[in-house]
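Some notes on the structure that comes next.
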Amino acid sequence: MAPIHRVTLFKIESENDRQHLLELYRQMPTKAVKDGKPYIQSVTAGPTKPDQRAQGFTFAAISVFASLEDMEYYDNSCAAHANLKEFAKKAHSGAMMVYLENGL
């Protein structure tokens, strides 16, 4: 099974909110646990660089999971991700998420 790469984009105006979201993502590799163990393979996150192609998205996160099952756990059962989602829902004015297996 190939790893799942999840790309999430947010439109967040407040610099303070972007920094707080970054801190929440920084904690994901250790705080997100499944069966008592960390299960996210890697997280890359941060404010986006100014570019007209960004379409107003100001923050990006890439999370890598060993399986689709792990990503679904992250979406539906992970307490650490629930905390992140609770904050993000209040802070963003737009979001999108896609996921993929590396096709190369």
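Remember, predicted model here, so these are calculated numbers, not experimental data.
Atom-to-atom distance recorded for H20:NE2 and E15:CD is 13.5 Å, nearest 0.5 angstrom. Note that CZ of R26 and CG of L21 are 11.0 Å apart. Values are rounded to the nearest 0.5 Å. Taken to the nearest 0.5 Å, the CD1 atom of I4 stands 5.0 Å off from the CG atom of L68. Taking CD1 of I12 as the start and CZ of F57 as the end, the distance is 11.0 Å to the nearest 0.5 Å.
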Practice item. Walk me through it: do Y74 and F65 pass the test ring-ring contact (aromatic ring centres under 6.0 Å, His included)? Key: CA-CA 9 Å; Y74 181 73; F65 302 89; 5.0 Å; yes
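Using a 4.5 Å heavy-atom cutoff, the side chains of K11 and H92 are not in contact. For the pair L22 and F59, the minimum side-chain heavy-atom distance is below 4.5 Å. When side chains are defined from C-beta on, F10 does not count as touching T58, because their heavy atoms never get closer than 4.5 Å.
Using modelled atom types and a 3.5 Å distance limit, the side chains of Q19 and E23 yield no donor-acceptor pair.
When all heavy atoms are compared, the tightest approach of Y73 to V33 is OH-O, 3.2 Å. Of all non-hydrogen atoms in R18 and E13, the two that sit nearest each other are NH1-O, 2.9 Å.
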List, one per line, each side-chain donor-acceptor pair under 3.5 Å for residues 34-47, sequence neighbours excluded.
{"residue": "K34", "atom": "NZ", "partner": "E69", "partner atom": "OE2", "Å": "3.2"}
{"residue": "K34", "atom": "NZ", "partner": "D70", "partner atom": "OD1", "Å": "2.5"}

Identify each donor-acceptor pair in which a side-chain atom of residues 94-104 lies under 3.5 Å from a protein atom, sequence neighbours left out, and give them as a table.
{"residue": "N102", "atom": "OD1", "partner": "L104", "partner atom": "N", "Å": "2.9"}

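A donor-acceptor contact shorter than 3.5 Å is absent between the side chain of S63 and the backbone of R6. Using a distance-only test at 3.5 Å, with no hydrogens or angles considered, a donor-acceptor pair links the side chain of K85 to the main chain of D75.
In this structure, Y25 is a member of the same hydrophobic cluster as M71, with clusters built from ILVMFWY side-chain heavy atoms closer than 4.5 Å.
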